[in-house]
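One structure is given below, encoded as structure tokens.
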Amino acid sequence: NFLIQHIANQPQDIQAKLYLANLHIVSEQAVAKTLFQEVLELDKQNFVALNNLANILLQSGEAAEAIKYAQLATKYHPSIASGFDTLGSAYKAKNDFTKAKVAYEAAFKLNSGSLEILLNYVESLALTGEKELAREYLLSLEPIKTQLNEEQLVKLESRISKIKSI
């Protein structure tokens, strides 16, 4: 309530809008979407708003629209891996696996330490026919499995199995 009142009194407060939007991103995506759009009216290059809006659109089946926002995020912020990861996911949702692979590869080059980004990139390799390279990356994951708890390991094995079935 305080935050909503604050935003009503201070409609230019980008940080407050971002905070409130992120609070609503899971439970009330329509509210979050509106707030991210308001942030972009104030700052068209705001990475958090661009990337999170792209993710919301992607989750609601609007991949073409998600691509537009993810492209802007990567244009304005070419050093942030998560923007390219979102762009790859949007292209994948449109079954454009070649563009997805290019985006995922850019994300991987920027953040090779992210397991999620690595798995997205490896999946894109498999989807574009580069199955041997995908297999090599999957084999490189063996040493980290011992560092994962049971839940993480089950999740990883499930993702690896999905990639291998492509």
Side-chain angles (χ1 to χ4, degrees), residues 14 17-18 21-22 24-26 28-142 144-145 148 152 154-166:
I14 290 174
K17 286 185 179 194
L18 286 173
N22 283 320
H24 289 292
I25 203 163
V26 174
E28 298 179 59
Q29 286 193 341
V31 173
K33 182 178 176 182
T34 299
L35 287 164
F36 287 133
Q37 289 168 330
E38 289 176 9
V39 167
L40 291 174
E41 289 172 14
L42 298 169
D43 177 7
K44 71 177 185 171
Q45 295 185 18
N46 186 286
F47 178 79
V48 173
L50 289 167
N51 197 53
N52 287 356
L53 188 53
N55 276 309
I56 288 171
L57 291 164
L58 191 55
Q59 290 173 14
S60 64
E62 300 174 70
E65 197 66 16
I67 288 169
K68 293 176 189 176
Y69 285 101
Q71 284 176 327
L72 289 172
T74 60
K75 173 185 172 186
Y76 296 134
H77 305 277
S79 63
I80 302 178
S82 59
F84 288 99
D85 190 56
T86 300
L87 182 58
S89 295
Y91 281 130
K92 186 175 109 179
K94 293 286 288 178
N95 293 323
D96 190 337
F97 303 126
T98 301
K99 286 183 181 177
K101 183 183 88 168
V102 170
Y104 285 138
E105 183 175 23
F108 180 63
K109 286 180 179 177
L110 290 167
N111 186 359
S112 61
S114 166
L115 182 57
E116 184 65 26
I117 287 174
L118 170 63
L119 290 169
N120 289 341
Y121 175 53
V122 172
E123 182 178 15
S124 74
L125 290 170
L127 288 167
T128 56
E130 297 182 58
K131 293 183 180 192
E132 183 58 32
L133 184 55
R135 190 181 69 71
E136 289 175 27
Y137 276 112
L138 291 177
L139 287 173
S140 75
L141 295 175
E142 289 301 317
I144 70 156
K145 289 181 180 181
L148 303 176
Q152 293 169 322
V154 168
K155 186 176 176 182
L156 176 60
E157 292 291 356
S158 172
R159 186 80 190 273
I160 289 172
S161 178
K162 178 185 173 192
I163 293 168
K164 285 180 176 180
S165 72
I166 294 173

For the [atom1] atom of [X] and the [atom2] atom of [Y], what is their distance to the nearest 0.5 Å?
X: Asn51; Y: Phe84; atom1: CG; atom2: CZ; result: 11.0 Å
X: Gln59; Y: Leu57; atom1: CD; atom2: CG; result: 9.5 Å
X: Ile163; Y: Ser124; atom1: CD1; atom2: OG; result: 9.0 Å
X: His77; Y: Leu50; atom1: NE2; atom2: CG; result: 6.5 Å
X: Leu141; Y: Leu115; atom1: CG; atom2: CG; result: 6.0 Å
X: Lys33; Y: His24; atom1: NZ; atom2: NE2; result: 16.0 Å

Is there side-chain contact between [X] and [Y], with at least one heavy-atom pair below 4.5 Å?
X: Glu136; Y: Leu139; answer: no
X: Val102; Y: Tyr91; answer: no
X: Ile166; Y: Glu123; answer: yes
X: Asn46; Y: Leu18; answer: yes
X: Asn22; Y: Val48; answer: yes
X: Phe108; Y: Val122; answer: no

Over all atoms of both residues, closest heavy-atom pair of [X] and [Y]:
X: Thr86; Y: Ala70; value: CG2-CB, 4.2 Å
X: Leu58; Y: Ala90; value: CD1-CA, 3.6 Å
X: Phe47; Y: Gly83; value: CZ-N, 3.6 Å
X: Lys94; Y: Ala64; value: CD-N, 4.0 Å
X: Ala100; Y: Gly88; value: CB-O, 3.4 Å

Whether [X] side chain and [Y] backbone form a donor-acceptor pair below 3.5 Å:
X: Ser158; Y: Val154; answer: no
X: Ser161; Y: Glu157; answer: no
X: Tyr104; Y: Leu119; answer: no
X: Glu130; Y: Ala126; answer: no
X: Ser112; Y: Lys109; answer: no

Q. Hey, would you say the Tyr137 and Tyr121 ring centroids sit under 6.0 Å apart?
A.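 Yes, they do, as the ring centres are separated by less than 6.0 Å.
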**Q.** Test side-chain contact (heavy atoms from CB on, under 4.5 Å) applied to Lys131 and Arg135, step by step
**A.** CA-CA 6 Å; Lys131 293 183 180 192; Arg135 190 181 69 71; over 6 Å; no
Q: Could you tell me whether Lys145 atom NZ has more than 12 heavy atoms of other residues or ligands within 6.0 Å of it?
A: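 Yes, because the 6.0 Å sphere around NZ of Lys145 holds more than 12 heavy atoms from other groups.
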Q: Would you tell me whether Ser60 and Glu62 have side-chain atoms, one donor and one acceptor, within less than 3.5 Å of each other?
A: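 The criterion, which ignores hydrogens and geometry beyond distance, is satisfied for Glu62 and Ser60.
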Q.
If you apply the rule side-chain contact (heavy atoms from CB on, under 4.5 Å), what do you find for Leu53 with Val39, and how did you get there?
A. CA-CA 10 Å; Leu53 188 53; Val39 167; over 6 Å; no
(Q) Go through it in stages, so that I can follow the logic: the residues are Arg159 and Leu138, the test is side-chain contact (heavy atoms from CB on, under 4.5 Å), and I'd like the CA-CA distance, side-chain angles, deciding distance and then a yes or no. (A) CA-CA 10 Å; Arg159 186 80 190 273; Leu138 291 177; over 6 Å; no
(Q) Please determine whether side-chain contact (heavy atoms from CB on, under 4.5 Å) holds for the pair Ile25 and Phe36, giving the CA-CA distance in whole Å, both sets of side-chain angles, and the decisive distance to 0.1 Å. (A) CA-CA 10 Å; Ile25 203 163; Phe36 287 133; 3.9 Å; yes
